[in-house]
Amino acid sequence: MPSVLSKELVAASTVPLVLSVLSAGESYGYALIQRVSELSEGKILWTEGMLYPVLHWMEGEGLVESEWKESDAGRRRKYYRICKAGRKALQAEKQQWVTVNSTLTKLWKTQPGLT
Amino acid sequence: MGDSEFNTNKIMENPARFDLDKGISSWRRQLQEAMALNHEEIEELETHLRDSVSRWEKAGLAPEEAFWIARRRMGGADELADEFRKVNPERVWLSRGLWVIGGFVVIQAVLALSSFASMAAVIGANALIRRGFDVGLITWAGRKFFEDPSRANSFTIGTVSTLAYLAVIAVLGFLIWRGSREKGFFNRFARWMQGHPVLGTVTALLVSACCQLSSWAAFPLLFRMVGPTDYGTIAYFRTFTIIGVSLGWPLLLGWLLMRLSRHAQIRN
């Protein structure tokens with residue numbers, strides 16, 4: 001069963017996911033959606049209407065910066081790059097997600113009936 | 001609403017000659033009209049849409065099918081606008097404010113133009129009729145009702161100038177209505193204001209101030225050409241014509257609407 005992420009989890013995970021993808025190098029909206037969908041095996045499906053406002057908000061917060069560049073095909077694209085503040089935010093996010101993840105994993109190991 | 005809806009029929013008629021740029025520009029127009037996204041955001045979404053179209057084309061779809069799917073996946077203009085508004089709620093107020101300013105300027109301009117038209121009508125009618133120009137029925141009525149030739153003239157000038165003035169207003173109204181319908185004048189104006197809010201507001205205030213001032217400044221000229229006493233008598237008669245017309249035109253409009261509705265029923 002392809003369980004799609006709940007709305008609340010999508011909202012909570014978008015920023016750390018974007019920051020994580022961008023920490024590997026600059027990217028643009030369309031590629032971000034593709035990459036996350038690919039990595040999650042289609043379970044995290046972002047919509048454009050959700051992603052772009054979040055990207056613009058992140059830019060306003062100084063987590064990422066953007067630049068218009070021309071691609072090889074001659075298409076102008078807005079590329080996003082992670083900033084210093086973004087890397088810092090990603091570190092904090094990472095710790096929090098690891099905490100949640102390890103706690104849940106421990107709980108589920110002691111209660112195998114839950115899985 | 002017909003214009004903002006994407007024209008399905010046109011695309012379906014000519015599947016072989018699908019024009020992606022046309023499709024995209026229509027899509028852009030819808031987003032612009034939703035007034036929640038700025039130019040750069042629309043540009044960014046357009047690149048996204050084009051990327052998505054290319055992907056579906058590579059997957060073997062015909063260009064117009066690829067466009068339809070890419071567009072569907074992106075969501076409608078209203079949905080997108082809603083999402084962007086959530087992040088920038090102040091934009092809703094900005095766009096409302098711009099509409100208010102725009103409406104204010106339009107009203108000021110129409111008021112100034114109509115006051116010019118009214119003055120010009122009085123000056124023109126005064127010059128013509130005092131020289132003995134005959135306007136048929138109205139001249140006849142003036143001479144019949146008033147023994148004093150000066151009063152008869154004032155009646156004729158008042159009536160003719162009011163009719164001329166109303167004709168000018170009707171033409172102006174028609175031009176504004178047509179401009180908003182066919183050329184998307186108001187949408188273009190709103191878009192421009194969105195791009196230049198400060199410059200737009202300052203220009204709007206200046207334009208409306210100029211409208212006000214120039215319509216005041218024209219009064220001394222009017223009095224010089226017509227003479228305050230004569231103008232007073234003419235204005236007195238104009239009131240009657242205006243009352244007559246303001247009672248008359250709703251009746252005319254009602255009659256027209258009734259005829260139109262009957263016509264529409266027959267066609268249905």
Side-chain angles (χ1 to χ4, degrees), chain A residues 2 4-5 7-8 10-15 17-18 21-22 26-40 42-81, chain B residues 6 20-21 23-25 27-28 30-59 61 63 66-92 94-95 194:
Chain A
V4 177
L5 232 56
K7 238 183 175 176
E8 290 77 12
V10 170
S13 61
T14 306
V15 172
L17 281 170
V18 168
V21 176
L22 292 183
E26 61 176 14
S27 185
Y28 51 96
Y30 185 79
L32 280 168
I33 292 178
Q34 294 294 314
R35 182 93 181 106
V36 169
S37 157
E38 206 176 277
L39 288 171
S40 67
K43 284 171 194 159
I44 302 179
L45 287 174
W46 285 344
T47 62
E48 292 81 352
M50 184 279 291
L51 179 64
Y52 286 104
V54 170
L55 280 173
H56 301 157
W57 174 81
M58 288 170 74
E59 195 180 357
E61 295 288 304
L63 302 176
V64 298
E65 56 188 9
S66 70
E67 190 189 354
W68 282 92
K69 277 191 198 170
E70 198 142 316
S71 73
D72 307 331
R75 207 166 273 173
R76 276 185 82 236
R77 284 208 184 94
K78 200 176 176 188
Y79 281 85
Y80 293 88
R81 205 177 304 121
Chain B
F6 194 78
L20 179 63
D21 289 329
I24 282 185
S25 66
W27 168 85
R28 280 185 73 119
Q30 266 182 285
L31 272 187
Q32 281 166 345
E33 272 158 24
M35 301 246 294
L37 283 74
N38 64 28
H39 181 75
E40 194 185 338
E41 286 162 351
I42 293 177
E43 197 92 326
E44 189 178 22
L45 282 177
E46 183 187 327
T47 323
H48 188 110
L49 186 67
R50 285 183 187 273
D51 280 339
S52 188
V53 170
S54 309
R55 187 191 143 203
W56 289 107
E57 275 181 329
K58 262 182 214 149
L61 290 184
F67 175 66
W68 276 101
I69 291 194
R71 213 174 144 263
R72 254 271 117 84
R73 291 214 141 197
M74 196 167 236
D78 290 337
E79 285 168 59
L80 280 173
D82 277 345
E83 294 287 342
F84 277 81
R85 272 193 206 111
K86 273 184 212 159
V87 189
N88 291 307
E90 72 281 358
R91 267 191 212 162
V92 182
L94 179 71
S95 75
Q194 233 185 337

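Chain identifiers are assigned alphabetically (A, B, ...) following the order of the sequence lines, protein sequences preceding nucleic acid strands; residue numbering begins at 1 within each chain.
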Please classify the contact between [X] and chain A as side chain, backbone, both or neither, with a heavy-atom cut-off of under 4.5 Å.
{"X": "E44(B)", "value": "both"}
{"X": "S52(B)", "value": "both"}
{"X": "E46(B)", "value": "neither"}
{"X": "L49(B)", "value": "neither"}

- Taking atom CZ of R73(B) as the centre, does the number of heavy atoms from other residues, nucleotides or ligands within less than 6.0 Å exceed 12?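 Count not over threshold, so no.
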inquiry  = Can you classify the ring geometry of F84(B) versus H56(A) as parallel (below 30°), tilted (30 to 60°) or perpendicular (above 60°)?
reply    =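 Tilted, since the angle between the ring planes falls between 30° and 60°.
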| field | Check ion pair E43(B)-R28(B) (N to O, under 4.0 angstrom) | value |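 So E43(B) pairs with R28(B) through a salt bridge.
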Rounded to the nearest 0.5 Å, what separates atom CE in M50(A) from atom CG in L45(A)?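 Here the interatomic distance stands at 10.0 Å.
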